[in-house]
There are 2 protein chains.
Amino acid sequence: MTSLRSFVKRKRRELGLTQIELADRAGVGLRFVRELEQGKSSLRLDKVNQVLVLFGHCMGPVPLKRHDLS
Amino acid sequence: MTSLRSFVKRKRRELGLTQIELADRAGVGLRFVRELEQGKSSLRLDKVNQVLVLFGHCMGPVPLKRHDLS
DNA sequence: ACAAAACATACCCAATAGGGTATAATATTA
DNA sequence: TAATATTATACCCTATTGGGTATGTTTTGT
């Protein structure tokens, strides 16, 4: 899967933002952005979405990647 | 978007499970399943994933649905 | 209509997310 | 290399999640 952490990090850099700028624009704390990009799993969904909307995305259910497809 | 709440409710019923059974199998509380199916936005991502994995899914970033596409 | 199952709402409370902030480590650039 | 920007780690603290449970409401089946 495209892990959430790498997705955020990539998108943020595509926009040329620092973690601080992203936190400000998303209305979340800097701490949160850092935990997000470090792959913390117990984040709050609404906070994650506050960030993703800046990238034109949101969290939703996606099929699990099959590691082997015969 | 296919809201998470309806996705879960639909998948659960496809498997013929009650909220209690789903909660048990996912290892989350009944309270959580209810808040999930009622669209609470501030749920913990890891708990949501514990449920979705039973449906062969997980939460990931998806493009925002455009309500108008000219 | 009646009974039983399923679901919704409300409460208490321990565990923790996340804000703020300070400091350390790392990366970037001149 | 030195100076600077960026990111990582650690701490305190408040607000909230989510478990459990009890009760009320709705739905389902006979």
Side-chain angles (χ1 to χ4, degrees):
Chain A
M1 60 168 175
T2 299
S3 71
L4 180 59
R5 54 176 300 183
S6 33
F7 178 83
V8 170
K9 190 164 258 183
R10 181 168 51 81
K11 282 293 186 180
R12 173 173 65 82
R13 290 186 167 150
E14 282 178 14
L15 295 188
L17 299 176
T18 69
Q19 292 178 336
I20 293 178
E21 291 166 336
L22 178 59
D24 283 349
R25 298 202 190 183
V28 302
L30 176 55
R31 264 263 316 258
F32 181 83
V33 170
R34 292 187 169 153
E35 290 173 335
L36 176 57
E37 292 196 354
Q38 277 164 33
K40 185 173 179 180
S41 61
S42 57
L43 301 168
R44 276 177 48 171
L45 194 52
D46 57 341
K47 299 280 176 186
V48 177
N49 280 326
Q50 278 179 247
V51 173
L52 291 194
V53 73
L54 298 179
F55 307 143
H57 284 65
C58 72
M59 290 297 276
V62 296
L64 279 176
K65 180 70 95 350
R66 318 276 296 275
H67 60 303
D68 57 343
L69 196 45
S70 58
Chain B
M1 60 168 176
T2 298
S3 70
L4 180 59
R5 53 177 300 183
S6 34
F7 177 83
V8 170
K9 190 165 257 182
R10 181 168 52 80
K11 282 292 184 180
R12 172 172 66 80
R13 291 188 165 147
E14 283 178 13
L15 295 187
L17 299 175
T18 68
Q19 290 179 335
I20 293 178
E21 291 167 335
L22 179 60
D24 284 349
R25 298 200 189 184
V28 301
L30 176 55
R31 263 263 316 257
F32 181 83
V33 170
R34 292 188 169 150
E35 290 173 335
L36 176 56
E37 292 196 356
Q38 276 163 34
K40 185 173 180 179
S41 61
S42 57
L43 301 169
R44 274 176 50 170
L45 195 52
D46 57 340
K47 300 278 175 187
V48 176
N49 281 327
Q50 279 179 246
V51 173
L52 291 195
V53 74
L54 297 179
F55 307 144
H57 284 66
C58 72
M59 290 296 276
V62 297
L64 279 176
K65 180 72 95 349
R66 317 274 297 276
H67 62 302
D68 57 343
L69 197 46
S70 58

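The shown structure was predicted, so the numbers you read here are calculated from the model rather than taken from an experiment. The sequence lines fix the lettering, A, B, ..., with proteins before strands; numbering per chain opens at 1.
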If you restrict it to nitrogen or oxygen atoms, what contacts under 3.5 Å exist between nucleotides 24-30 of chain C and the protein, and what is each distance?
none

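Residue A/R44 is in sugar-phosphate contact alone, with no base atom involved, counting any heavy-atom pair closer than 4.0 Å across all strands shown. A/L43 comes within contact range of the sugar-phosphate backbone alone, with a heavy-atom separation under 4.0 Å but no base atom that close. Nucleic acid contact for A/Q38: sugar-phosphate only, since backbone atoms but no base atoms lie under 4.0 Å from a heavy atom of the residue.
A salt bridge links B/E35 to B/R31: one of the charged nitrogens lies within less than 4.0 Å of a carboxylate oxygen.
A heavy-atom distance below 4.5 Å is not found between the side chains of B/Q50 and B/F32.
If you find the closest nucleotide of DNA chain D to A/R34 and to B/S42, the one lying nearer the 5' end belongs to A/R34.
In this entry the distance linking NZ of B/K40 with C1' of C/dA17 reads 13 Å, nearest Å. The interatomic distance linking A/K47 (NZ) with C/dA17 (C1') rounds to 10 Å, in whole Å. Taking atom CZ of B/F32 as the reference point, atom C1' of C/dA15 lies 15 Å away to the nearest angstrom. The nearest whole Å value for the distance from the CZ atom in B/R31 to the P atom in C/dA6 is 21 Å. Between the C1' atom of D/dT27 and the CD atom of B/E37 lies a distance of 14 Å, rounded to the nearest Å.
A distance of 9.5 Å separates CG in B/L4 from CD in B/E37, rounded to the nearest 0.5 Å.
Across the helix from C/dA1-D/dT30 to C/dA30-D/dT1, the helix axis at one end is tilted relative to the axis at the other end by 70° (nearest 10 degrees, each axis from five pairs).
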